[in-house]
Amino acid sequence: MSTQSSAPRSPSGTRDVLPPESTRWERVVGAFARGVEDAGYGLTMTPVFEYSSVFRRGIGDASDVVGKEMYEFTDRDGQQLALRPEGTASIVRAFVQHHPLVPFKAWYVTPAFRHERAQALRYRQHHQLGIEAIGTEDPDLDVEVITVAHDFFRGLGLERFELKLNSMGDAQCRPAYLELLAGVLAERAGELCDEHGERFGSNPLRVLDCKKPECRKATADVPRLMDHLCGPCAAHFARVRQGLEASTVAYVLDHRLVRGFDYYTRTTFEFASAALESAQNGIGGGGRYDGLVEMLGGDPTPGIGFGIGIERVLGACDAESVFAVEPAPLDAFVIDVTEGDGRGAEARDLTIELRRAGISADRAFGVRSMKSQMKAADRSGASIALIVGPEELSAGTVTLRPLRGPGEQYAVGRHEAAVAVTRELAAYQADLNAGQ
RNA sequence: GUGGGCGUAGCUCAGCAGGUUAGAGCGCCAGGUCGUGGCCCUGGAGGCCGGGGGUUCAAGUCCCCUCGCUCACCCCA
């Protein structure tokens, strides 16, 4: 920390991701993209900021995320804008705006911004991977969405996570249940925690989510929404459970699962890592939002989706020691120990030539000893070192030295260098395959 | 917003009850091997001990303030 106190740093609650750690980010996004695209989802990009009303109307003014955590600003035209705090509202806004064919199956990767105090695996800017499927209320779509997330986690090597499942009902059955719950809670107001004893206001479901022992105890045997669903919602939920079981996606019913956004209806779910020690162990969550499209000005249209937190998924991977950081190795590293005014020109030209031949290559810059350049070659992870010095220069050759395999170094003609490297790499790859 | 912990080399950390030129491991650079990496050995560079004020003959060490980081509550990815 010898950095000057006057030097700027990344804002509180944000972080920089540098190589080699960033290579995991590329791979995790790549793995997600393959998985969801194989299921028919297409990349959808929307601006990181929207008119504030998109989030206010979509997520809900009363939610914490909108009410006290949103990064809002007025731009030079006086427009009220906000950085996106989550992914779904923007995608739905785009759906309403463009009327794509349904079902509209979209995937995204995006930063998300919330002004809250940072702590372990909670940031002011974090990153989410997600999908949205808009236009059908078929419960088999719920199964698809949940299974895609489940299989993504599994594909990374994660095993110690739990899928929690609940149904929030719909406009038909939820109001009656809320009234029932409010009545029961009112009778037990004295047993609830300080915060919830006085008022549970517009949303008694919040009390179920409270972690205080008093509230946990008082709500242990309270009526469950999943037991008071209307006919259609009950049938929907049953079909979802049946589908998950058929796909051997393990889940636990959790009537306390109350998600923080107002738009959820029917199926809601959350993936929690058992390996994460920190307070934040939710690695992904989502649910159905059959009223959201209408709330954002579209025709009544059902939808469902999820968001996955990249930082938390990688944290869970660390906790389970899977999906490790693996720096992307190079194919070749060019070493130049020629002398005189032309020093370095061979490395310059040969490196470019290799790259144009489809070989990943790097080199050392500046005047450095052979030993130093060899160390750099080793660090780069390159499979092959190409050495050019005064002897090679006058002989019109380069020395090809395998750095990983068992082979000895040998000379090849300067103009056959790229071909020889390609051949060596192929042989090396064949050995790898044979060894498996 | 509320509360706790911590700020010493690029990184991870030692520095006993305040006492002369602030240390280790790893990393980096150089040499041992005058053109050959990974192992080993030797040497080197790199710190106004987060910043400011105070107590003291003397402060990395004690006190106050400040900034930053971190963990937890709330909520969420």
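So you know, we letter chains A, B, ... as the sequences are listed, proteins then strands, and number each from 1. Every heavy atom of this structure was used, including side-chain atoms; hydrogens, water molecules and symmetry mates were not.
- Side-chain atoms of A:Asp378 and base atoms of B:G37 include a donor and an acceptor less than 3.5 Å apart.
- Picking from B:A30, B:C29, B:C69 the nucleotide with the shortest atom distance to the side chain of A:Ser12 gives B:C69.
- In this structure, of B:C75, B:C73, B:G35, it is B:C73 that holds the atom nearest to the side chain of A:Gln119.
- One N or O donor and one acceptor, one from the side chain of A:Glu392 and one from the base of B:G35, sit under 3.5 Å apart.
- The same atom, C1', is picked in B:G54 and in B:U61; the two are 15 Å apart, to the nearest Å.
- Residue contacts for A:Leu403: at a heavy-atom cut-off of 4.0 Å it reaches a base atom on one of the strands shown.
- As judged by a 4.0 angstrom heavy-atom cut-off over every strand, A:Arg259 is placed among residues touching the sugar-phosphate backbone only.
- For the C1' atoms, the distance linking B:G3 with B:G10 amounts to 33 Å, nearest Å.
- If you check every strand for non-hydrogen atoms under 4.0 Å, A:Glu86 touches nothing.
- A donor-acceptor contact under 3.5 Å is not formed by the side chain of A:Gln125 with the base of B:A77.
- Of the candidates A:Val293, A:Thr46, A:Val54, A:Val92 forms a side chain to side chain contact (heavy atoms under 4.5 Å, CB included) with just one, namely A:Val293.
- Rounded to whole Å, atom C1' of B:A77 lies 9 Å from atom CD of A:Glu270.
- Rounded to a whole Å, the CZ atom of A:Arg363 is 20 Å from the P atom of B:G37.
- With hydrogens and angles ignored, no donor-acceptor pair closer than 3.5 Å exists between the side chain of A:Arg9 and the base of B:G68.
- A:His115 places its NE2 atom 18 Å from the C1' atom of B:A77, with the value rounded to the nearest Å.
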TODO: Output, in order, the C-alpha distance, side-chain angles, deciding distance and verdict of side chain to side chain contact (heavy atoms under 4.5 Å, CB included) for A:Leu244 and A:Thr147.
DONE: CA-CA 7 Å; A:Leu244 291 175; A:Thr147 304; 4.2 Å; yes

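- The side chain of A:Arg117 lies closest to B:U70 when the candidates are B:G35, B:U70, B:C75.
- Nearest to the side chain of A:Ala120, among B:C71, B:C73, B:A77, sits B:C71.
- Across all strands shown, B:A72 is found opposite B:U2 as a Watson-Crick or G-U wobble partner, with both distances under 3.5 Å.
- Nucleotides B:C29 and B:U55, compared at atom P, are 47 Å apart to the nearest Å.
- A salt bridge between A:Asp431 and A:Arg404 is absent, with no side-chain N of the basic residue lying under 4.0 Å from a carboxylate O of the acidic one.
- The partner of B:C13, taking Watson-Crick or G-U wobble pairs whose two distances both stay under 3.5 Å, is B:G23.
- Ring pair A:Tyr71/A:Phe113 is perpendicular by interplanar angle, where above 60° counts as perpendicular and below 30° as parallel.
- Closest heavy-atom contact between A:Ala347 and A:Asp336: N-OD2, 3.1 Å.
- A cation-pi arrangement is present between A:Arg27 and A:Phe323 under the rule of less than 6.0 angstrom and at most 45 degrees off the ring axis.
- Considering only the side chain of A:His126, B:A77 comes nearest among B:A77, B:C73, B:C29.
- Taking the side chain of A:Pro390 as heavy atoms from C-beta on, and the options B:G35, B:C71, B:C75, the nearest nucleotide is B:G35.
- Residue-level contact check: A:Ala377 touches neither bases nor backbone, having no heavy atom under 4.0 Å from any strand.
- The base of B:G38 is not paired with the side chain of A:Arg404 by any donor and acceptor separated by under 3.5 Å.
- Among the protein residues, A:Gln280 comes within range of the nucleic acid bases, having at least one heavy atom under 4.0 Å from a base atom.
- A:Leu121 comes within 4.0 angstrom of a base, heavy atoms only.
- Taking atom C1' in both B:G5 and B:G27, one finds a spacing of 28 Å when rounded to whole Å.
- Rounded to a whole Å, the CE atom of A:Met370 is 13 Å from the P atom of B:G31.
- Each of B:A72, B:A77, B:G32 was ranked by its minimum atom distance to the side chain of A:Lys371; first place goes to B:G32.
- The gap from the C1' atom of B:A59 to that of B:G38 amounts to 46 Å, rounded to the nearest Å.
- A salt bridge links A:Arg266 with A:Glu137: the closest approach of a Lys/Arg side-chain nitrogen to an acidic carboxylate oxygen falls below 4.0 angstrom.
- Here B:C29 is the nucleotide among B:A77, B:U2, B:C29 with the atom lying nearest to any side-chain atom of A:Arg368.
- In this structure, A:Phe271 and A:Phe269 have perpendicular ring planes: the angle between them is above 60°, well past the 30° mark.
- We find that CG of A:Asp336 is positioned 14 Å from P of B:G35, with the value rounded to whole Å.
- No engagement by A:Pro85 is indicated, since no non-hydrogen atom pair under 4.0 Å with the nucleic acid exists.
- Between B:C13 and B:U70, the two P atoms lie 14 Å apart (nearest whole Å).
- Between B:A72 and B:A45, the two P atoms lie 42 Å apart (nearest whole Å).
- Between A:Arg124 atom CZ and B:A77 atom C1' the separation is 16 Å, expressed in whole Å.
- Taking atom CG on A:Leu18 and atom P on B:C11, their separation rounds to 12 Å, with Å as the unit.
- Out of B:A77, B:G37, B:C71, the shortest distance to the side chain of A:Lys375 is found at B:G37.
- Across all strands shown, B:G31 forms a Watson-Crick or G-U wobble pair, both distances under 3.5 Å, with B:C41.
- A gap of 43 Å separates the C1' atoms of B:C63 and B:A77, to the nearest Å.
- Going from atom CZ of A:Phe333 over to atom C1' of B:G37 covers 11 Å, rounded to whole Å.
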